[in-house]
Participant: 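Okay, handing you the structure first.
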Amino acid sequence: MHIYQFHIAGLRPFHDREGMELPDAETAWAEALRLVRDIEGSLQPGESWSLDVVEDGTTIFRISLTTEDLRIRRGSGPATTMTRSKTL
């Protein structure tokens, strides 16, 4: 078992001091995806954040979400883009 920490960067940052004891990196990835689903419900256009999964002081995964309110540039109806990336 390893301790995995889940750090969030963005408008509402969170530094996981305790972490979670999990059997492996694949289980930590699944937990990160669960956290993303919880967080993205509060994401607003124009915001961005990232979730880092840290094992033994090393970031092993990163999920990043960036949104843009394209109405600002185009002057038209609402539109939001999202990108997700995974760093191994």
Side-chain angles (χ1 to χ4, degrees):
M1 298 284 265
H2 297 272
I3 300 293
Y4 294 90
Q5 295 171 296
F6 300 87
H7 304 308
I8 299 169
L11 290 176
R12 292 173 292 279
F14 174 76
H15 185 79
D16 183 2
R17 296 183 194 281
E18 295 179 23
M20 295 178 76
E21 189 172 17
L22 299 169
D24 54 35
E26 289 74 25
T27 305
W29 174 251
E31 180 64 20
L33 292 177
R34 188 190 69 72
L35 289 169
V36 167
R37 285 189 285 277
D38 290 346
I39 295 167
E40 62 184 10
S42 65
L43 190 64
Q44 299 295 314
E47 292 182 355
S48 63
W49 59 263
S50 65
L51 170 68
D52 286 357
V53 179
V54 178
E55 177 186 27
D56 299 325
T58 301
T59 300
I60 59 169
F61 301 117
R62 175 173 291 140
I63 301 172
S64 300
L65 270 155
T66 301
T67 66
E68 295 178 64
D69 187 344
L70 299 177
R71 298 173 297 181
I72 294 169
R73 286 190 273 171
R74 293 189 195 150
S76 61
T80 303
T81 60
M82 287 194 209
T83 46
R84 295 183 185 206
S85 63
K86 173 176 123 177
T87 304
L88 297 178

Participant: I need the minimum non-hydrogen distance between Gly10 and Pro13, along with the two atoms involved.
Facilitator: O-CD, 3.3 Å

Participant: If you take all heavy atoms of Asp56 and His2, which pair is closest and at what distance?
Facilitator: OD2-ND1, 4.1 Å

Participant: Do Trp49 and Val36 have side-chain heavy atoms sitting under 4.5 Å apart?
Facilitator: yes

Participant: Which atoms form the tightest heavy-atom contact between Val53 and Ala28, and what is the distance?
Facilitator: CG1-CB, 4.0 Å

Participant: With side chains defined as the heavy atoms from C-beta onward, is the minimum distance between Ile63 and Leu33 less than 4.5 Å?
Facilitator: yes

Participant: Quick check for you: to the nearest 0.5 Å, what is the distance between Thr67 atom OG1 and Leu43 atom CG?
Facilitator: 4.5 Å

Participant: In terms of hydrophobic clustering (I, L, V, M, F, W, Y; side-chain heavy atoms under 4.5 Å; direct or indirect links), are Leu35 and Phe14 co-clustered?
Facilitator: yes

Participant: Quick check: closest heavy atoms across Arg12 and Ile8, and the distance to 0.1 Å?
Facilitator: O-CG2, 4.1 Å

Participant: Please answer whether the main-chain N or O of Ser64 pairs with a side-chain N or O of Ser48 as donor and acceptor at a distance below 3.5 Å.
Facilitator: no

Participant: Please find the pair of heavy atoms, one from Ile60 and one from Ala25, that lie closest to each other, and give the distance.
Facilitator: CD1-CB, 4.0 Å

Participant: Any heavy-atom pair between the side chains of Leu22 and Trp29 that's under 4.5 Å?
Facilitator: no

Participant: Of the non-hydrogen atoms in Glu18 and Ile3, which two are nearest, and what is the gap between them?
Facilitator: O-CG2, 3.7 Å

Participant: Would you check if the side chain of His7 reaches a backbone N or O of His15 as a donor-acceptor pair within less than 3.5 Å?
Facilitator: no

Participant: Could you state whether Val54 and Phe6 fall into the same hydrophobic cluster, counting links through intermediate Ile, Leu, Val, Met, Phe, Trp or Tyr residues with side-chain heavy atoms under 4.5 angstrom apart?
Facilitator: no

Participant: Within the structure provided, determine whether Asp52 and Phe61 are in side-chain contact (heavy-atom separation under 4.5 Å).
Facilitator: no

Participant: Can you tell me how far CE of Met20 sits from CD of Gln5, rounded to the nearest 0.5 angstrom?
Facilitator: 12.0 Å

Participant: Any chance you could measure Thr66, atom OG1, to Glu47, atom CD, to the nearest 0.5 Å?
Facilitator: 11.0 Å

Participant: Taking the side chain as everything from C-beta on, heavy atoms only, tell me whether Tyr4 gets closer than 4.5 Å to Thr27.
Facilitator: no

